[in-house]
Amino acid sequence: MTLGSMKDPQLGGSPAALPGASLQKACKFLVLFCALHLCVTLVYYMSGWDLRIFHYFVENQQHQASSLINSTYGDDMLPSVVPSTTDVTPAHTKDIVGNCAETSPLLVGPLRVEFNIPVEINEIIKANPSLMEGGRYKPSECKALQKVAIIIPFRKRESHLNYWLYYMHPVLQRQQLDYGVYIINQDGSNTFNRAKLLNIGYMEALKDYDYDCFVFSDVDIVAMDDRNIYRCFSQPRHISVALDKFGFGLPYYQYFGGVSALSKEQFTKINGFPNTYWGWGGEDDDIYNRIASKGMSISRPDSVTGKCRMIHHNRDDKNDPNPKRFDLIARTRQTMNTDGINSLSYNVLRRENFPLYVKITVDVGNP
Ligand code: UD2
Ligand code: MN
């Protein structure tokens, strides 16, 4: 059926229908004109309104995208969104004396963290051009508020270390910290001793630089939000407060495992960490007991900012649960003054400066 075949039954196609036909034409023209006008108005209105939003969106994406190019791996498919540290720093980063702001303006908040695609050390080096040898960094735009040594207890966890470096170096730079990364590698195949390695890290880092804050981190834990600052607070800081492994909460209130930060003063006040916890478990509770016994409390970020991921793993060789841990924890107050930084003995076997960290291989002795 065509439009012309639709006749008005009242007009019946007679000559008297002619004025009606022209009226019909005029109406059609009017309707078309109105529709056109409406379209033009709509397009004009939407172009101003919609494009502005679109433009804003694109700008946002470009900011993230250029950050990605700067700080990650170009076009290969690495798993994260880790914005850049090399952005031009806005003027408000500085206060009048040149100190960095209390809250870094470079922070971006929540981060995507995944461990499904292996990361290559050379790519991490390329992505962090502002790092100095030994994984050292100082913000160039302002004077950092703290000098932080990051201490990681380690043995045979290379792939975990790569993930840690990949995710955490950009975060720490955005946090505008003056920091260095220390991998304290336990030599040999004796029982693992995490807390003793942390004590050694404290001592060895201080030989390098006048650090005033010490962050102790498992190699397999990565922050999911860069507002979780790896620095010290007026009370000992627990950093990994909302781990995926524990459903993004604390397993128990006194829990102090994973990642924590103590100032030099807080660390010396508790005589450092115990050297006598061989194998898995208990040393973090001992540290908590030390802190509590000195009248200090635990500072924590909220459970959103404090979200962290731990890489899934099995228990390592020579790190079985320590059967003595419950007895030891029960006696922290009696032992802490004689077991700690004041009784620490170890031998440094190697000290290697790599681009992304200092690796100190140590003989920690036997149980
Ligand atoms: C929990 C705690 C950890 C510590 C440990 C008990 C969390 C998230 N972490 O970790 O802080 O209290 O229990 O000792 O609750 N490591 C090596 N090579 C080894 C063994 C250990 O590098 O062969 C290092 C590494 O940094 C690792 C850390 O020690 O992340 C803790 O060991 P784990 O990861 O096996 O223990 P996990 O996850 O139960
Ligand atoms: Mn672990």
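Atoms within a ligand are numbered from 1 in the order they appear, just like the ligands themselves. From a predicted model like this one, the values you see are computed outputs, not experimental measurements.
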Check ligand 1 against [X] and write out every atom of the ligand that is under 4.0 Å from a heavy-atom position of the residue.
| X | result |
| --- | --- |
| Ile221 | 8 (C) |
| Gly281 | 6 (C), 14 (O) |
| Leu243 | 8 (C) |
| Tyr255 | 7 (C), 8 (C), 15 (O) |
| Asn319 | 20 (C), 21 (C), 35 (O) |
| Met310 | 8 (C), 38 (O) |

Any chance the rings of [X] and [Y] have centres within less than 6.0 Å?
| X | Y | answer |
| --- | --- | --- |
| Tyr179 | His169 | yes |
| Phe273 | Phe216 | yes |
| Tyr357 | Phe354 | yes |

Notebook entry, point to check: Should Arg309 and Asp244 count as an ion pair when the cut-off is N to O under 4.0 Å?
Noted result: yes
Notebook entry, point to check: Under 4.0 angstrom from ligand 1, any heavy atom of Lys156?
Noted result: no
Item checked: Ser240 near ligand 1 by a heavy-atom separation under 4.0 Å ->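 No; Ser240 lies far enough from ligand 1 that no heavy-atom distance drops under 4.0 Å.
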Notebook entry, point to check: Donor-acceptor pair, Ser303 side chain versus Gly249 backbone, under 3.5 Å?
Noted result: no
With a 3.5 Å cut-off and no angle check, do the side chains of [X] and [Y] form a donor-acceptor pair?
| X | Y | value |
| --- | --- | --- |
| Asn128 | Tyr137 | no |
| Ser343 | Asn275 | yes |
| Asp286 | Thr332 | yes |

Could you find the nearest protein heavy atom to [atom] and give me its residue, atom name and distance?
| atom | answer |
| --- | --- |
| atom 37 (P) of ligand 1 | Trp280 NE1, 3.5 Å |
| atom 26 (O) of ligand 1 | Pro153 O, 2.7 Å |
| atom 12 (O) of ligand 1 | Glu283 OE2, 2.6 Å |

Check: Which residues and atoms, protein N, O or S only, are under 2.8 Å from the Mn ion (ligand 2)?
Finding: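 Metal shell, protein only: Asp220 OD2, His313 NE2.
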Next item on the list: Linking directly or through intermediates, with side-chain heavy atoms under 4.5 Å: list the remaining ILVMFWY members grouped with Tyr277, chain and number order.
Entry: Leu328, Ile329
Note to self: Among residues at least two apart in sequence or on other chains, which ones pass side-chain hydrogen bond (donor to acceptor under 3.5 Å, both in side chains) with Glu204?
What the structure shows: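 By the side-chain hydrogen bond (donor to acceptor under 3.5 Å, both in side chains) rule, Glu204 matches Lys207, Tyr346, Arg351.
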Check: Of all residues at least two apart in sequence or in a different chain, which pass the side-chain hydrogen bond (donor to acceptor under 3.5 Å, both in side chains) check with Tyr252?
Finding: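 Here the qualifying residues are Asp285.
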Next item on the list: Could you pull out, from Asn185, Asp316, Asp317, the option with a heavy atom nearest to atom 23 (O) of ligand 1?
Entry: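 Nearest option to atom 23 (O) of ligand 1, by heavy atoms: Asp316.
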